[in-house]
Amino acid sequence: MAAANSGKTYSFKVVLLGEGCVGKTSLVLRYCENKFNDKHITTLQASFLTKKLNITGKRVNLAIWDTAGQERFHALGPIYYRDSNGAILVYDITDEDSFQKVKNWVKELRKMLGNEICLCIVGNKIDLDKDRHVSVEEAESYAESVGAKHYHTSAKLNKGIEELFLDLCKRMMETAQAEERLKGNGASQSASSRRGVQIVDDEPQATPAGGCCSSG
Amino acid sequence: LQLRSERFSGIRVSQEELLCKNACGYYGNPAWQGLCSKCWRERARAAGTPREEIRPRSDGTLPTFSKFEEKKNIEKGRRINTVRRLFWGSPSPPKPQAQVTQIMEHVEKLIMTRLHKWVFCHDSCDDEQKDLALQRRIRSLNWVTPQMLGVPFPDEKVSFDMVGNAFVSIIEMDAKRAPQDKLACVSKCSQHVFEALSRSNSEPANADDFLSSLVYVVLKANPPRLHSNMQYVIRFGLPHSLMAGESGYYFTNLSCAVAFIEKLDGPALSLSPEEFEGYMLGQRTPCALNRRQQVISDTQNLLEDLKGRQEKLDQGMDALNAQLQKWVQEVHSQLDETRSQFVLAQKEITAQKEVLLSTQDNKEESVLVLEDQDGGLRETGC
């Protein structure tokens with residue numbers, strides 16, 4: 001589902017991918033509620049969160065979908081990230097394994113959704129830099145090689161998270177705008193037909209007899 | 001919508017199978033012999049043309065036919081215009097997005113409530129078979145425990161109410177008619193699951209917990225006609241509520257849960273393939289054994305609990321005993337004190353009495369003298 005442009009409000013779906021303990025939940029809770037390991041968190045769940053933004057005068061509704069990261073749920077990925085505009089792939093900088101998982105997801109996402117989706121690779125827990133097991137250079141060069149952007153964050157210290165989401169939103173807006181322009185240049189009819197009801201009267205006038213009316 | 005729904009159900013079917021048999025690039029539909037709507041119509045028309053060609057010739061002898069034809073064309077044009085005006089032809093200014101969505105929702109509810117009995121689980125698709133297959137599959141997995149799925153529900157007794165509510169909500173889905181009402185049932189079920197999860201976990205539930213709990217709920221509730229219901233929502237629900245929004249998220253999770261159940265195997269439950277097979281085939285022995293173990297552990301827990309309570313009671317009794325003894329001692333000491341005070345007081349009183357008595361003796365004597373005088377007076381008075 002691309003952005004709904006009328007009224008200049010963009011709606012984006014962002015999936016959150018990452019292994020079990022990389023801090024996905026903490027990351028979104030820090031972003032949406034600005035809380036970390038807090039007892040006063042009001043939401044019952046951190047699996048579906050929304051955030052309203054205003055970027056350069058345009059309203060953006062961000063829906064953040066957490067996905068099940070356990071190995072046994074791996075095959076279900078495509079159901080989750082269908083029609084998503086962006087993906088945030090989180091790994092733990094102290095855990096080499098979680099970075100390998102990110103690589104798998106990147107491959108899958110590119111295979112399923114092509115280049116339309118904006119990818120963010122996020123190295124979380126930079127407050128634990130002394131235990132780092134994934135080197136900065138490796139991660140950044142990998143991200144570049146797959147056309148993704150790399151970010152360093154710490155949910156604990158609230159570092160880099162705001163930037164991550166803001167940047168992602170800007171990129172998704174650019175993608176959406178480019179898509180619109182493409183649609184505008186091409187067949188505008190077919191573009192609009194996906195969002196509403198369209199009646200195409202393509203009954204050839206050469207056969208005006210009664211039979212075709214009922215078949216149409 | 002057709003395009004969308006086909007894409008959605010593509011979870012289980014490969015892309016090639018869905019495409020039109022004419023290889024025109026569009027999606028086909030089994031109801032149209034695997035063709036897309038356009039190719040199917042063209043083919044139907046090709047089959048229909050000879051008949052139509054014959055008709056004008058036989059009717060062509062009538063002089064009024066051309067007029068009749070014209071009239072029909074005009075009527076048809078008018079009809080198309082009306083429909084056009086109905087959908088987007090009206091010259092009124094564009095309405096805000098929120099209002100449009102709201103109207104769409106109302107229209108969807110109205111139309112689908114009426115159409116439900118004709119389009120739900122239609123004969124042209126094999127939904128019914130799939131429903132039965134899914135139901136059988138879920139029934140054959142009735143031995144799965146929350147522990148196997150890693151569901152962090154705290155205690156069956158504590159969370160039972162909320163999980164029970166989740167069961168009710170998901171089963172209720174079959175009774176609703178409009179896709180949005182069905183979606184609302186899924187959302188309600190999810191909310192109950194989150195509530196149950198929040199009891200065991202202090203932090204908000206993440207997707208892993210939620211999905212495994214939802215799998216458990218679906219397995220235990222075995223909702224009627226689940227496949228048909230989900231397909232109905234996919235086919236006729238509003239795309240924006242299905243794809244975005246909270247209800248869309250919950251519905252996606254339900255799809256995931258069903259896909260997970262369909263493909264469930266040993267490793268996913270942290271069982272060896274042999275164990276899994278044993279459960280699936282021999283069912284009873286491992287199941288019964290497992291249950292017995294569960295019962296044993298349950299009773300053990302209960303016993304320990306009782307033991308703890310007994311100990312607490314003993315402690316309480318000891319404490320009470322000590323308190324009682326203390327109290328009795330206190331009472332005794334107080335009694336002694338009061339007794340000694342009493343004795344003192346008594347002594348005082350006796351001392352006072354003696355003093356009084358000595359004074360009284362004097363007084364009595366004088367009173368006696370007075371009485372004698374009185375008696376003397378009375379006698380004289382009489």
Side-chain angles (χ1 to χ4, degrees), chain A residues 1 4 6-7 9 11-13 16 20 24-26 28-29 33 37-39 41-50 61 63 65-73 75-80 82-84 192 194-199 201-205 207-213 215-216, chain B residues 3-4 7-8 11 38 41 44-45 48-49 51-52 55-56 59 69 72-73 76-77 80 83-84 87-88 94 96-98 100 150 190-191 194-195 197-198 202-212 239-240 243-246 248-250 252-253 255-257 259-260 263 267-270:
Chain A
M1 188 135 166
S6 55
T9 304
S11 299
F12 292 127
K13 169 181 163 184
L16 199 62
K24 283 183 294 177
T25 314
S26 305
V28 276
L29 281 175
E33 304 227 334
N37 269 354
D38 202 318
K39 286 200 178 76
I41 287 169
T42 46
T43 66
L44 281 180
Q45 44 103 353
S47 49
F48 178 85
L49 291 167
T50 53
N61 287 336
W65 291 36
D66 189 11
T67 63
Q70 287 172 10
E71 190 54 44
R72 55 185 170 163
F73 296 131
L76 306 174
I79 306 178
Y80 276 118
R82 187 182 310 121
D83 285 323
S84 49
S192 65
R194 295 194 58 183
R195 288 206 54 78
V197 184
Q198 192 178 22
I199 302 153
D201 178 26
D202 63 356
E203 292 289 320
Q205 295 302 309
T207 54
C212 60
C213 233
S215 78
Chain B
L3 198 87
R4 221 168 253 293
R7 221 205 263 168
F8 204 96
I11 310 153
K38 215 171 168 185
R41 211 171 342 158
R45 198 179 290 139
T49 34
R51 207 172 22 138
E52 282 159 20
R55 229 194 271 163
D59 291 348
E69 204 181 343
K72 188 141 200 180
N73 263 344
K76 198 180 147 198
I80 288 166
V83 175
R84 234 182 225 155
F87 279 101
W88 83 98
Q97 187 72 30
V100 171
S190 307
Q191 298 294 353
F194 280 125
E195 260 170 53
L197 283 174
S198 72
S202 53
E203 38 190 276
N206 58 23
D208 280 307
D209 296 343
F210 174 54
L211 185 57
S212 42
H240 78 87
M243 289 300 163
E246 202 163 359
Y249 180 73
Y250 296 143
T252 305
N253 268 295
S255 310
C256 284
F260 181 74
K263 288 188 188 131
L269 297 171
S270 46

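Side-chain atoms are counted along with the backbone in the values below, which use heavy atoms only and exclude waters and symmetry mates. Chain identifiers are assigned alphabetically (A, B, ...) following the order of the sequence lines, protein sequences preceding nucleic acid strands; residue numbering begins at 1 within each chain.
Comment: A:D66 engages A:K24 in a salt bridge, judged by a side-chain N to carboxylate O separation of less than 4.0 angstrom.
Comparing B:G245, B:G248, B:S198 by how many heavy-atom pairs each has under 4.5 Å with chain A, the most go to B:G245. Counting heavy-atom pairs closer than 4.5 Å to chain A, the top residue among B:N206, B:L269, B:N253, B:D208 is B:D208. In terms of heavy-atom pairs under 4.5 Å with chain B, the best-connected choice from A:A68, A:G77, A:G69, A:G20 is A:A68.
With a 4.5 Å cut-off on non-hydrogen atoms, B:S190 does not touch chain A at all. When heavy atoms are compared at a cutoff of 4.5 Å, A:T67 approaches chain B solely by way of its backbone atoms N, CA, C and O. The parts of A:A46 that come within reach of chain B are both its backbone and its side chain, each placing non-hydrogen atoms under 4.5 angstrom from that chain.
Nearest approach of B:F260 to A:R72, heavy atoms of both residues: CE1-O, 3.7 Å. Heavy-atom minimum distance, B:C256 versus B:L211: CB-CD1, 3.9 Å.
Residues A:F12 and A:S84 are not in side-chain contact: their nearest non-hydrogen atoms beyond the backbone lie 4.5 Å or more apart. The closest side-chain heavy-atom distance from A:F48 to B:F210 is not below 4.5 Å.
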